[in-house]
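Please read the structure below before turning to the comments.
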There are 2 protein chains.
Amino acid sequence: MITREHEGNPVRSLSGAVWGFDFPEGAPTDPGVCPVRDVLDRVGQKWTLLILISLDSGPKRFSQLQRMVGDISKRMLTQTLRQLERDGLISRTVYPTKPPSVEYALTLLGESVLAPIAQLTSWAEDHHDDIRQAREKFDGLIE
Amino acid sequence: MITREHEGNPVRSLSGAVWGFDFPEGAPTDPGVCPVRDVLDRVGQKWTLLILISLDSGPKRFSQLQRMVGDISKRMLTQTLRQLERDGLISRTVYPTKPPSVEYALTLLGESVLAPIAQLTSWAEDHHDDIRQAREKFDGLIE
DNA sequence: CAGCATCCGTTATGATACTG
DNA sequence: CAGTATCATAACGGATGCTG
């Protein structure tokens with residue numbers, strides 16, 4: 001739900017029929033109350049998608065992911081992996097070898113989110129020419 | 001394409017068959033080269049979706065949007081609208097009345113992006129219980 | 001009404017060094 | 001190997017005041 005409890009505020013519903021959820025006034029983007037917001041935020045984060053996509057081809061170890069994703073720092077890799085783990089999208093398994101190795105893998109939930117994400121990236125692929133042209137036109141006009 | 005020109009870098013393709021694009025090493029998230037990244041960034045931005053959804057029910061004026069979206073500042077509303085206009089997702093029409101009124105509306109491109117976005121928000125709706133439970137479990141374990 | 005300019009605090013991200 | 005800790009910086013976002 002894109003909603004926020006905001007006592008005493010008038011609530012007007014927008015496109016509820018189309019979107020399947022109500023869309024009241026107040027700040028509909030308050031995280032912690034709005035899981036849609038959470039998901040959207042994750043998607044927008046710099047490394048989340050790259051990691052999920054990397055894991056789509058099977059479980060990977062920490063350093064393996066770091067090489068696959070490219071120039072991500074250990075700091076951001078750790079942070080993003082933790083978030084994804086907390087959200088239940090990936091699993092983390094420690095093998096007590098020496099030195100230790102840790103394996104990350106998509107959970108069923110993590111696999112399921114890749115479908116709608118693929119829709120979005122597919123749209124981007126299909127329309128990036130339109131977007132590029134629109135930008136050139138726009139930038140040409142303002143100068 | 002989630003790619004970056006990174007001269008002299010070895011390029012390994014990941015899941016190209018599944019994702020419809022190559023996914024080389026280097027920093028695949030460099031904006032300006034990667035429209036997918038662009039779109040994803042927009043989606044993750046705080047107000048983009050709320051504005052697009054608001055416009056889904058028909059053209060709106062500036063102050064009308066500000067009321068609908070809730071507590072967005074004029075600054076952010078202007079900024080986000082400009083971006084969307086530049087990307088060709090919305091149109092901006094100025095009516096030279098006094099005082100002036102400006103109407104924003106979805107373009108065909110803007111309408112088309114709402115479909116994949118609806119997929120994603122729908123997924124979030126369907127699975128927000130799973131996510132919430134995963135978080136509780138995770139947070140319970142680390143304390 | 002519909003902005004734009006400015007200031008300023010918060011958050012996101014990166015670089016680097018250290019550890020079990 | 002797989003992190004953690006610390007520091008620095010850049011991008012984001014909000015508040016306010018001004019203007020055609």
Side-chain angles (χ1 to χ4, degrees), chain A residues 4 26-32 37-38 40-51 54-55 59-86 90-105 138 141-142, chain B residues 4 26-32 37-38 40-51 54-55 59-86 90-105 142:
Chain A
R4 176 169 83 159
T29 58
D30 203 2
R37 184 73 261 157
D38 285 339
L40 263 21
D41 285 345
R42 293 279 181 282
V43 169
Q45 281 172 348
K46 198 168 179 180
W47 304 108
T48 305
L49 269 193
L50 280 310
I51 291 175
S54 295
L55 289 176
K60 302 282 178 299
R61 294 177 51 180
F62 186 89
S63 50
Q64 211 175 347
L65 279 173
Q66 191 170 20
R67 280 189 298 274
M68 285 180 79
V69 172
D71 54 7
I72 186 175
S73 64
K74 282 194 288 188
R75 185 179 180 281
M76 290 316 295
L77 183 55
T78 301
Q79 196 173 101
T80 310
L81 286 171
R82 283 288 177 286
Q83 272 188 336
L84 291 173
E85 188 194 356
R86 189 174 106 97
I90 66 174
S91 64
R92 175 177 181 272
T93 312
V94 181
Y95 295 99
T97 55
K98 214 174 179 342
S101 74
V102 181
E103 190 178 84
Y104 294 91
F138 185 91
L141 290 178
I142 58 176
Chain B
R4 177 170 82 161
T29 58
D30 203 2
R37 184 71 260 159
D38 285 340
L40 263 22
D41 285 345
R42 293 279 180 282
V43 170
Q45 281 172 351
K46 197 169 178 179
W47 304 108
T48 305
L49 270 193
L50 280 312
I51 291 175
S54 295
L55 289 176
K60 302 281 178 301
R61 293 176 52 179
F62 186 88
S63 50
Q64 211 174 349
L65 279 173
Q66 190 169 22
R67 279 190 298 274
M68 285 179 79
V69 172
D71 54 7
I72 186 175
S73 63
K74 283 194 289 186
R75 184 182 183 277
M76 291 316 296
L77 182 55
T78 302
Q79 197 173 102
T80 310
L81 286 171
R82 282 289 174 285
Q83 273 187 336
L84 292 173
E85 187 194 355
R86 190 174 105 97
I90 65 175
S91 63
R92 176 176 181 273
T93 311
V94 182
Y95 294 99
T97 55
K98 212 172 183 336
S101 76
V102 181
E103 191 178 84
Y104 293 92
I142 59 177

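Chain identifiers are assigned alphabetically (A, B, ...) following the order of the sequence lines, protein sequences preceding nucleic acid strands; residue numbering begins at 1 within each chain. What you see is a predicted model, and the numbers here were worked out from it, not measured in a lab. Any value given below was found using the heavy atoms of this structure, including those in side chains, with hydrogens, waters and symmetry copies removed.
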| Atom-pair distance (NZ on B:Lys98; C1' on D:dG20), nearest Å | 8 Å
| said: Is A:Arg75 close enough to C:dT16 that one of its side-chain N or O atoms is under 4.0 Å from OP1 or OP2 there? | reply: no
| Within the pair A:Ser101 and D:dC1, is there a side-chain N or O less than 4.0 Å away from OP1 or OP2? | no
| query | How many Å lie between CE on B:Met76 and P on D:dT16, as a whole number? | reply | 17 Å
| query | Given B:Leu55 and B:Leu65, is the side chain to side chain contact (heavy atoms under 4.5 Å, CB included) satisfied, shown in steps? | reply | CA-CA 8 Å; B:Leu55 289 176; B:Leu65 279 173; 3.9 Å; yes
| Gap between atoms CZ and P, on B:Phe62 and C:dA2 respectively (whole Å) | 7 Å
| query | Within the side chain of A:Gln79, is there an N or O that forms a donor-acceptor pair under 3.5 Å with the backbone of A:Met76? | reply | no
| query | Choosing from C:dC1, D:dC1, C:dC4, which nucleotide comes nearest the side chain of B:Pro100? | reply | C:dC1
| query | With no hydrogens and no angle check, is any side-chain donor or acceptor of A:Glu85 less than 3.5 Å from a backbone partner on A:Arg82? | reply | no
| task | Can you figure out which of D:dT4, C:dT13, D:dA2 approaches the side chain of A:Thr78 most closely? | result | D:dT4
| query | OP1 or OP2 of C:dC1 less than 4.0 angstrom from a side-chain nitrogen or oxygen of B:Tyr104, does that happen here? | reply | no
| query | A:Ser73 near the nucleic acid: base, sugar-phosphate alone, or nothing, with a heavy-atom cut-off under 4.0 Å? | reply | nothing
| query | Whole Å only: how far is the CZ atom of B:Arg42 from the P atom of D:dC12? | reply | 10 Å
| task | Classify the nucleic acid contact of B:Tyr95 as base, sugar-phosphate or nothing, counting any heavy atom under 4.0 Å across all strands shown. | result | nothing
| task | Could you check how far CD1 of A:Ile72 sits from P of D:dG3, rounded to whole Å? | result | 12 Å
| Over how many whole Å does the gap from B:Gln66 atom CD to C:dG3 atom P extend? | 11 Å
| message | From NZ of A:Lys46 over to C1' of D:dA10, roughly how many Å is that when rounded to an integer? | response | 11 Å
| Heavy-atom donor-acceptor pair, B:Glu103 side chain to B:Arg92 backbone, under 3.5 Å | no
| said: From the set D:dC1, C:dA2, D:dG3, return the single nucleotide nearest to any side-chain atom of A:Pro99. | reply: D:dC1
| request: Establish whether the base of D:dG3 is bridged to the side chain of A:Lys74 by a donor-acceptor pair shorter than 3.5 Å. | output: yes
| query | B:Arg92 side chain: which of C:dA2, C:dG20, C:dC4 is closest? | reply | C:dA2
| field | SB check B:Asp41 B:Arg37 (cutoff 4.0 Å) | value | yes
| request: Using only side-chain N and O atoms of B:Arg61, determine if any of them is under 4.0 Å from OP1 or OP2 of C:dA2. | output: yes
| request: Quickly work out the A:Glu103 CD to D:dC1 P distance and round it to whole Å. | output: 16 Å
